[in-house]
Amino acid sequence: MHDRSLPASPNWYCSRCSDVTGGGLLGVGAKNIIYLIDVSASTCRVTGELVGHKDLVSGFSFCQHEGQSHICVSSSSDGSIRFWDSDTKALIKEHAAHQVSTTSVHWSPVDKNLVVSGDEKGVVICHWYHTGDTSRFFPEPRTIFCLTCSPHTWTSVAVGYKDGMIVLVDVSKKGEVTHRLRGHDDEIHSLAWSPVVGEDGLSSRAEDGEASNEVSAVGEQGCFLASGSKDQTVRIWSTAKGRSVMTLKLPYLKKRGSVVDPGIKERLWLSVLWPKGRPTQLVSSCFSGELMMWDLTRSGKQRWTLLGTSSEGQNHSRIVFNMSVVKLQDGRELLISTSMDREIKCWDLASLDCCWTLPTLGGFVYALTFSPVGAGCLAIGVGDNMIRVWNTLSTQNQYDTRFFWQGIKSKVTALAWHPAKEGSLAFGTDDGKVGIYEVFSNKPPHISSSYHRKTVYTLAWGPPVPPMSFGAVGGKLYYSLYSCAGEGTILQHDPSKLSGEASDIDKLIRDTNDIKHKLSPHTDLSWKPDGKVVAIGNEDGCIDVYQAPSLKLLCSLQQHHKIINTLRWHHSHSSVPEHHGLLASGSSNAAVYVHDLHSVIENPPENPVVLTEPYRRLCGHTSKITSMAWSPHHDARLVTASYDGTAQVSTRPEPCLCNSFIFEGFGLIAVCNYRGHVGYLLCVDWSPVDPDVIWSGGKDFTVQEWRVSKQEFTNPPKGKKMVELREKMKTNPKQKRKNKKASGAGGAAPSEMNGEPASGEKAEAGQSGEEELDEAACIFKTVSICMNVPDTNLLKKKKPRSMLPISTSMDHRPKEDLLQDCITLASVKHNSMTDSGEHIHLGLFSDRQALHRMFEAEGGHMEAGHYDSVVYLQLWTGDLEGALQLATEKGELSDHLLTIAPMAGFEVWKRTVEAFVKQLCLQEQYLKAASHLLSVNKLYEAIDLLQSHRLYREAIALVKARLPADDPILKELYTGWAAVLEKDGHFSAAAKCYLAAGTSFDAAKVIARKNDTSSLMTAATLARISGEVTLAQSLAMRCTKDLAAAQDWVQAQEALSSQKNLLVTFSVLFVPRVAFNPQVLLHSSLHLTRSVLSWLLEDDGQLIKELWQAVAWLRDPGHFCVSAELCRLLFPDGTCLKHPKTLHHTEEAAKAAADSLQAFVLYHRLYELWWSNSADNTDPQNGLAAADSCPADEVEDKANEDISEVEEKVCPPLRLGNLDFDASLLLSEPHAACQATQRSVTEVQERLAAMVLQHSRAQGGQLDPGEEQADVAPQISSTDAQSSALPCLSSVSCQMYPHPDVVECCLVLLHLSKSSLSVSERLQEDAKALLRKYGSGPSTLRASQRFLT
């Protein structure tokens, strides 16, 4: 249908949105359309579109199998998968197995029926084309970015995810994951399989940074897979081993005139392509649009070769999204790439040069116009903030296009070539900017310093008018630039001095024509080619024709009834002079009128004339007219563009014989109707060189060249397009809502997909019901002009209550009454009748007395309870004090009234504040009330107000901010707040209040009310810090008892350690206590019974063993008191050798048992002697007997204290009696050696266990593996050396029948020797010798320090 076309820009950030067949047919997804482009090595041509998706196309793929290559598949963000016939451009079928947006689709190169697609939720769908069956897999709960089917086996599919993971899926095994490839740190943008089977092609290459054994073994089955990621790397994977074999890091290329900082992470999309027949070469994109060919067998750092280095400007200027390769019949291999720079490029892989470039458009085509000087030079204004200048007559490159973007930064909505100066192009933008580009220079544009407030819709070059024409040089051809924008003004700019201020021509129009009334907002203007007159279209549908340069009004065309969108004068080189005065106009009522103004221009009337009938009328379009153009090659041939999506060519009928200048009939004859666009048209222009060619652009982001003679249709469709648009909006309400919300392009792609910012498309306030559909999303001239029409969403809101209901209701009477009001008011204003006061509702338009009468009549507010309205009416009349009094009585005081109260005096203001405080209290707004009390200097009243309503926090903040720190009210507030908090159970907060009030005793008591260990410990600490010693000790003891009952000895020790006065309790209490088990007593009784039997049988050896077992059963679990009591009962004289019946034991085991039993009896005697003195000095408040503690731990604890404290608290300086037993049995050196060895072994085992635990934590990530290793190693080595020096374990008897701790007994004897002379010197020397030899523990060394020095 069209010859040449600039298509829409391919969608951005899609992994596979383009594909090419073996025959050279390229499919590209742009917005919700797929463009089909026929490519060759020399040129390309858009051959058609696949239209049907309701949302963005996210993926596209051809079936590459013979016989089905014309079938293709596409995915969309709406979740649908559609199958197309590229020959007929028709939809074959679709499926909607995905429930969310699909992100990628691929037709299997192996199985001609398998199509695989993925979506944002991570679901993979396999669809079989011939049967319609689908399989659903869910390999990973992640967002899929790309997927690709293996070219070697139909079962294998590679899926790339947003988080950098790649998964290989076997679709024949219900989606079983064969490998998870981990290595990338960011999004997977592209995947490409190696074109050959096997993994021996790269076996000679070692991976960067990894050992060469990472490469798969030669001959192992599998296939290489390439991946490109946002982490700036390309990785080659072995699918046989499931690991990376090569990593390629993208180089930072220094572009001309710029420096690349490697530390800055640039925007990147890394696309990869593995060409067929090139198993060792890989093509990838780079940071700034460069394409590079990687040689996977090359060594060294630079393994890549840039494409397009033979000449400047071949590469893309921004990142590349998609690449596809095709091999032509002549053997040439071409690569097609799409980029963010809105260009599609074709590359020859043999020479690595660019063959051709196809520009694309990223926004609505708002304007296009041919240069009147440069033949075939077409300027295009697009919504992607760029201007294209296309040399349509170029023979070397049929898409020879230049881009201009500097200084624009907004949508280009209007263009105008200078009528005489070549290359001078004026442009207007969406943000009100006007500028001039010199397209044949590289300089930035000249921007006018005068900005429009709204969108610029029309630019026109014309002769200057005052005041600018006063400075024109006589005889010199001079032009001014006129701009018309959405606010309804037309500015005249001086092109030679754009920095100067532009002038508004409305002032000249008023002055010249003596106009007093308001001018209608202007919507378009058009200068007649000879510059004599200018036609200006207005918002009300009127067209005014002015004579230059004074802009005298010649005539007014009042034929349209809606906004004027476009005006065009007939060209001046017509063979019929009367045609020079033809003016075509188009408006939003879908009609095109042609006006014959020849007589008015040639014979200007003295007074403006009004024309109410058009000369010719063109009917047929079903929606508003947006653009038109007269053919420069014909007489009276016109092309029009409309919102109905078509362009109509019309001409005058053949003239009759009687009058060659009179058309037959009243209308124009339709020549053809062009319907090649998808969506409405915005601009149209006739080719200046070919009378059969027309160019058009519109909403579908395309510019199309088409021929009049090749069109199938003659007339516009009878509403068909609008019906289709309505149906689309009904079936896609989500899209409709999005368009209205974003005021954007209906169905246009969002900015992140194909470029045009959605926010730039403004919604139009519709003039009719049919215009509120799809066209409501387009930006055009009615965008801003009709902004005074209320928004439909606002109309749905509830209207506020009227302050003047009577006046309002009177304005809603029948039309006749309203007209009579106008007559009455005019009569009163011009004194033709007196105001008798009957027309009260007209007081708003009459004098002040009438207004006051109207206010009095509006008394219904009081009866209706609308006191605020009455107050405002009194305020407006100036009765401020009365208004405040009324508001006070009715409880309608407000912040506004309070701010204006000082105007009535200080006392009035003060009374108003106090009344407002009472009102706020009734409304429970106590904080606001207190703040207002502060404004009248009532600080204590404000504090009392807050306190009375239990707002203690705010009251305290106010006191501390305003009053001294020693003010008694502060303590009162703290105490009161603490009582409230304590009552509510917030003990910690109450304690803080008591502390702030200085009552620490109460703070500790309230915390202790919680009665848990942590609260008791905190309360004890608080009491100790505050100096409450007695309370602190009491609380500490309570906490300690609870912790001891729970066997939490560490916390109990911590609780007492801070209380210095409880050190005795500290030494006695902290022994790990074992709960008494009745079975222990049962076993002990059993052994006692057996010992009695042995005694009766006179078996001395067994007797000794049974007695030893009876004592051991109580001693081993830690029941020291019970064990000591049993020994006293069995052996009251303190020895087991002086029994009534002598015990004879000849066996070694029996002798060892007897010695052990005797040693433990003596051990208990030794402690009884020691405690006989300390028991009298035990603190009675402890409530614990000293005998309940374990002697061994007691000695160890006391060893950690200062020696002097031990003497004072444990061994007071009292003289003891003589020893009445031989203690030498307790100092057995064999047992001391055995015990020392056991201690050393236990210590080594504990340290090894600690190392194992530390190592396991380091492996689990809990510890740093190197943490504290330096401290552990020397300790282990020293311990090993020490343990190796110790003797081996003693005889079996020393282990089976142990003695009490020898080192402990030595320490007790030496302690006794300091307070008694009964310990012999020999025992003291033996004890010291044993301490020196076996007392190697840290605590033992500290305890024995005073005895050995």
Side-chain angles (χ1 to χ4, degrees), residues 363-364 366-367 369 379 381-383 385-387 404 406-416 418 425-437 444-462 464-465 467-468 479-495 497-510 518-527 534-539 544 551 563-567 626-627 682-683 743 757 759-765 778-789:
F364 287 11
Y366 294 109
T369 178
V382 190
N385 307 347
M386 286 194 289
I387 300 173
F404 299 91
Q406 287 182 314
I408 297 179
K409 299 180 181 179
S410 185
K411 298 176 178 61
V412 181
T413 54
L415 293 172
H418 195 284
L425 177 64
F427 66 90
T429 66
D430 178 56
D431 59 359
K433 184 187 301 181
V434 176
I436 300 176
Y437 247 116
H446 301 283
I447 305 297
S448 174
S449 61
S450 299
Y451 280 69
H452 286 279
R453 297 194 306 274
K454 296 184 179 179
T455 304
V456 178
Y457 296 124
T458 304
L459 293 174
W461 295 89
V465 298
M468 204 166 291
Y479 290 93
S480 289
L481 177 62
Y482 296 86
S483 60
C484 179
E487 69 270 18
T489 60
I490 297 177
L491 298 181
Q492 178 186 196
H493 307 266
D494 186 353
K497 192 178 180 182
L498 289 177
S499 59
E501 183 178 358
S503 60
D504 189 344
I505 67 171
D506 278 359
K507 184 178 185 302
L508 178 62
I509 293 175
R510 290 175 180 275
K518 177 185 177 182
L519 293 176
S520 178
H522 308 306
T523 60
D524 196 68
L525 82 156
S526 178
W527 280 95
V534 60
I536 297 178
N538 300 314
E539 179 186 346
D544 298 324
L551 297 188
I563 183 173
I564 302 298
N565 290 330
T566 178
L567 296 171
T626 57
S627 180
L682 294 174
C683 52
S743 299
S759 61
E761 303 298 344
K762 299 181 181 178
E764 175 184 1
C778 176
I779 176 173
F780 205 65
K781 300 183 178 181
T782 55
V783 175
S784 303
I785 295 173
C786 296
M787 290 302 290
N788 57 342
V789 178

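Quick caveat: nothing in here was measured; it's all calculated off a predicted structure.
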Qualifying residues under ring pair (Phe, Tyr, Trp, His ring centres under 6.0 Å), relative to Tyr437, sequence neighbours excluded: Phe404, Phe427
How about Ile505 and Ile536: do any of their side-chain heavy atoms sit closer than 4.5 Å? yes
Work out which heavy atom in Asp504 is nearest to a heavy atom in Ile490; give both atom names and the distance. OD1-O, 3.2 Å
Hey, does the side chain of Thr413 reach the backbone of Val456 with a donor-acceptor pair shorter than 3.5 angstrom? yes
Show your reasoning for whether side-chain hydrogen bond (donor to acceptor under 3.5 Å, both in side chains) applies to Asp524 and Thr458. CA-CA 6 Å; Asp524 196 68; Thr458 304; 2.5 Å; yes
Restricting to ring pair (Phe, Tyr, Trp, His ring centres under 6.0 Å), what partner residues turn up for His446, sequence neighbours left out? none
Which residues pass the salt bridge (Lys or Arg N to Asp or Glu O under 4.0 Å) test with Lys497, sequence neighbours left out? none
Gln492 side chain to Val465 backbone, donor-acceptor under 3.5 Å: yes
Minimum heavy-atom separation for Ala414 and Ala367, please, with both atom names. CA-CB, 4.1 Å
Verify side chain to side chain contact (heavy atoms under 4.5 Å, CB included) between Leu551 and Ile509, making sure each step is shown before the conclusion. CA-CA 6 Å; Leu551 297 188; Ile509 293 175; 3.9 Å; yes
With rounding to the nearest 0.5 Å, note down the distance linking NZ in Lys409 to OG1 in Thr429. 11.5 Å
Is it true that a side-chain atom of Lys411 and a backbone atom of Thr455 form a donor plus acceptor pair closer than 3.5 Å? no
Between CD1 on residue Ile564 and SG on residue Cys484, distance to nearest 0.5 Å: 11.5 Å
Here the gap from His452 atom NE2 to Leu491 atom CG, rounded to the nearest 0.5 Å, amounts to 4.0 Å
Are any side-chain N or O atoms of Thr523 and backbone N or O atoms of Gly537, one a donor and one an acceptor, separated by less than 3.5 Å? yes
What's the shortest heavy-atom distance between Val382 and Gly363, and which atoms? CG1-O, 3.5 Å
Closest approach of Ala460 to Leu525 (non-hydrogen atoms, all atoms of both residues): CB-CG, 4.3 Å
Does the side-chain hydrogen bond (donor to acceptor under 3.5 Å, both in side chains) test come out yes or no for Asp544 and His522, once each step is laid out? CA-CA 10 Å; Asp544 298 324; His522 308 306; 5.9 Å; no
Side chain proximity check, Ser410 to Lys433, heavy atoms < 4.5 angstrom: no
Separation between CG of Leu459 and CG of Leu425, rounded to the nearest 0.5 Å: 9.0 Å
Just say parallel, tilted or perpendicular for the rings of Trp527 and Tyr482, cut-offs at 30° and 60°. tilted
Approximate separation, where rounding is to 0.5 Å, of Asn565 CG and Tyr457 OH: 10.0 Å
Taking all atoms of both residues into account, what is the closest heavy-atom pair of Pro495 and Leu481, and its distance? CD-N, 4.3 Å
More than 12 heavy atoms of other groups within 6.0 Å of Gln406 CD: yes
Pairwise distance CD1(Ile408) to CG(Asp430) - rounded to 0.5 angstrom: 12.5 Å
Looking only at heavy atoms, what is the nearest atom pair of Ala502 and Ser450, with distance? N-OG, 2.9 Å
